[in-house]
Amino acid sequence: MGGDPLTGPGASAFNEVVALAARRGFFWPSSRDLYSDAPAGFWVYGPLGLRVKNKIIDMWRRRILAREGAQEIETPSVLPLKVFEASGHLEHFFDRLVECGRCHSRLRADKLLEEATGSQISLEGLSDEELHDLLVGRGVRCPVCGASEWTGIRRFNLMFTLAVGAEAESPNAALRPETTQGSVVEFKRTFTVSRGKLPFVMAQVGRVYRNEISPRRALLRMREFQQLEVHVFFDPEDTSAYESKLAEFSGYRLRFLRGEDRETGEITEMTVEEALSSGYTVNPLITYWLALYQRFFEELGFPRDRLRYRELLEGEKAHYALVHWDLEVYTEDLGWVELVNNAYRTDYDLSGHSRVSGVDLSVDTPRGKVLPHLYEPSIGIDRVILHLLLLSYRRDERRVWLALPRELAPYDVAVFPLVKKDGLPERAVEVARRLSREFAVFYDDKGSIGKRYRRMDEVGTPACVTVDHRTLEDSTVTIRDRDTMEQVRVPEERLADSLRRFLSGADLREA
RNA sequence: GCGGCCGUAGUCUAGCCUGGGCAGGAUGGGAGCCUGCCACGCUCCAGACCCGGGUUCAAAUCCCGGCGGCCGCACCA
């Protein structure tokens, strides 16, 4: 929004944030400084960005995985093609496309032929050339412009394939496009070694790879990115374990953009009770996880009125999903963007792997053998970080700062000597050293004090501690609040306590 | 991937049309001086023509290709 007072007229916060991120070391495009032709969609996390990312992952592990008793595992990025045959990715990732020679529309060759011929002929096993010849032979027209000038068939491969083994010539493996398949394939052994019972919660943090057509907008669409995934395996006939858990969210209001409200954009708020009793959220388990994740994102600092669950419609949903909501966040620059993919995958994955591998993947339950269903919330952490910076970005006539949630800032506290003389630096180094046992501390004595404050503002450091001449007399220091620039003076022996309270949200004067 | 616009230090930019000089400035960065609380001032230092071809005596400048960026379309399983 051009008139936004935070970013100034006509300014784009997005561009400024991406520039700030590269300038100060949050993230930047991989290899570009040395090799200008490096492909797009690969990003480096610098020292500051990695700190933020690790803090988010840590928070997710404590507030989601720990409390839900999740078993976190780590599986390889490279998996045999068979896995993706079972998962349906092969079928959905290797489109054969033709391009219209006149209007340049790209269309799926098989879909075109099926529509033109009414599916009278089998297209299975046809070579690219045969498929193209059929298109031309039948005079199939472009549904967009009506022309009948087709380019040759091109394989459109959204997975990175690999030939594993020194003598392998054709692809026999691929980089995973989601971590889910690793958890599904290893489900049974993980279940056994954990002496698990349903519902059984697994989790993975991992990098995934998609050969995107046009990666754009920094961390928004990348070819290699990172997911925080939870995989809840459960008996669809028995989700009673979640009925009592749901009590914790009694009265909690979920925000939905329902499929039927797509055109108006109207957001429907319903309590978890309403969502469940109306049948909209299927069962207590899914309802619980939707509430848990919405609350987690509120705790991460996302304003509640910028969050919504967008129900995906038939044709939009992934091939494996029965019900599917995207948890989205709104910014003026990017509009509504998906941060978490929440899919009810039923037994699609386990039955697929059972079929292809011949291994029975059902587990024993009090009511006999059950092939579990899978519910999966998948966080795209790179987008989360990008949006945290976007929403934190502040600018007025004096300074630029990141009003990051205090517990997510790369540094907790900076320590400065007021001037670089009179023994102040030595005393400040001592203060910094003591604080570093507990906090992420940044020490700086270069340039003027004002400049150092500005530098810390720009990377979102919530507190700056300054050692001045009075410190030498009475052992007090000042703490400055990033957001208000206010200062309070506290005795050194109370500094750590005050910072601890301040960082966990207390007002500076009460801290 | 298609179409349009674009590519000079970390960032912003002058120069490009009309080829010719060590590629100029600001800001940021480093070293130092100064500095009693919010980008003060001074000195010094480092730092760029996206990559590759071509035309030419001579290319940041003109031509071609690649790569990248932005916007739109498509894609986003």
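Note that this is a predicted model, so its numbers are computed, not measured.
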*Between A/R23, A/K451, A/R399, which is the residue that forms a salt bridge (Lys or Arg N to Asp or Glu O under 4.0 Å) with A/E458?*
A/R23
*Applying a 3.5 Å limit to both distances, which nucleotide forms a Watson-Crick or G-U wobble pair with B/U18?*
none
*Looking only at side-chain atoms of A/T478, point me to the closest of B/C37, B/U35, B/G30.*
B/C37
*P spacing across the pair B/A9 / B/A74, given as an integer number of angstrom*: 34 Å
*Could you tell me which nucleotide pairs with B/A31 by Watson-Crick or G-U wobble geometry, both distances under 3.5 Å, or answer none if nothing does?*
B/U43
*asked:* Pairing check on B/A48: which nucleotide meets the Watson-Crick or G-U wobble criteria with it, both distances under 3.5 Å?
replied: none
_Sugar-phosphate only, base, or nothing, as touched by A/E338 at under 4.0 Å among non-hydrogen atoms_ = nothing
*Please state whether the phosphate of B/C71, meaning OP1 or OP2, lies under 4.0 angstrom from any side-chain nitrogen or oxygen of A/R217.*
yes
*Hey, does the side chain of A/S448 come within less than 4.0 Å of B/C40's phosphate (OP1/OP2), counting only N and O?*
yes
*Which atoms form the tightest heavy-atom contact between A/Q204 and A/T179, and what is the distance?*
NE2-O, 3.2 Å
_Short side-chain N/O contact from A/K451 to OP1 or OP2 of B/G29, under 4.0 Å_ = yes
*Is it true that the side chains of A/E178 and A/S378 contain a donor and an acceptor less than 3.5 Å apart?*
no
*Answer yes or no: side-chain N or O of A/E212 and base N or O of B/C76 forming a donor-acceptor pair under 3.5 Å.*
no
*What is the base-pairing partner of B/C38, counting Watson-Crick and G-U wobble geometry with both distances under 3.5 Å?*
none
*A/H373 and ring pair (Phe, Tyr, Trp, His ring centres under 6.0 Å): which partner among A/Y348, A/Y344, A/F233?*
A/Y344
*Is the phosphate of B/U35, meaning OP1 or OP2, less than 4.0 Å from a side-chain N or O of A/K421?*
yes
*asked:* So for atom CD, which belongs to A/E430, do other residues, nucleotides or ligands contribute more than 12 heavy atoms lying within a distance under 6.0 Å?
replied: yes
_G-U wobble or Watson-Crick pairing nucleotide for B/C70 (cut-off 3.5 Å, both distances)_ = B/G4
*Have a look at A/R455 and say if it touches a base, only the backbone sugar-phosphate, or nothing, with a 4.0 Å heavy-atom cut-off.*
sugar-phosphate
_Nucleotide nearest A/A40 when distance is taken to its side chain, options B/U35, B/G68, B/C37_ = B/G68
*Using atom P of each nucleotide, how far apart are B/C62 and B/G15 to the nearest Å?*
13 Å
*What interatomic distance, in whole Å, is found between C1' of B/A60 and the corresponding atom of B/G41?*
36 Å
*Closest to side chain of A/R216, choosing from B/C70, B/C38, B/C37*: B/C70
_Using atom C1' in both nucleotides, what's the gap between B/U56 and B/U61 to the nearest angstrom?_
13 Å
*Counting any heavy atom closer than 4.0 Å, what does A/P39 reach on the DNA or RNA strands: base, sugar-phosphate only, or nothing?*
sugar-phosphate
_Mind checking if A/R221 touches a base, just sugar-phosphate, or nothing, with heavy atoms under 4.0 Å?_
base
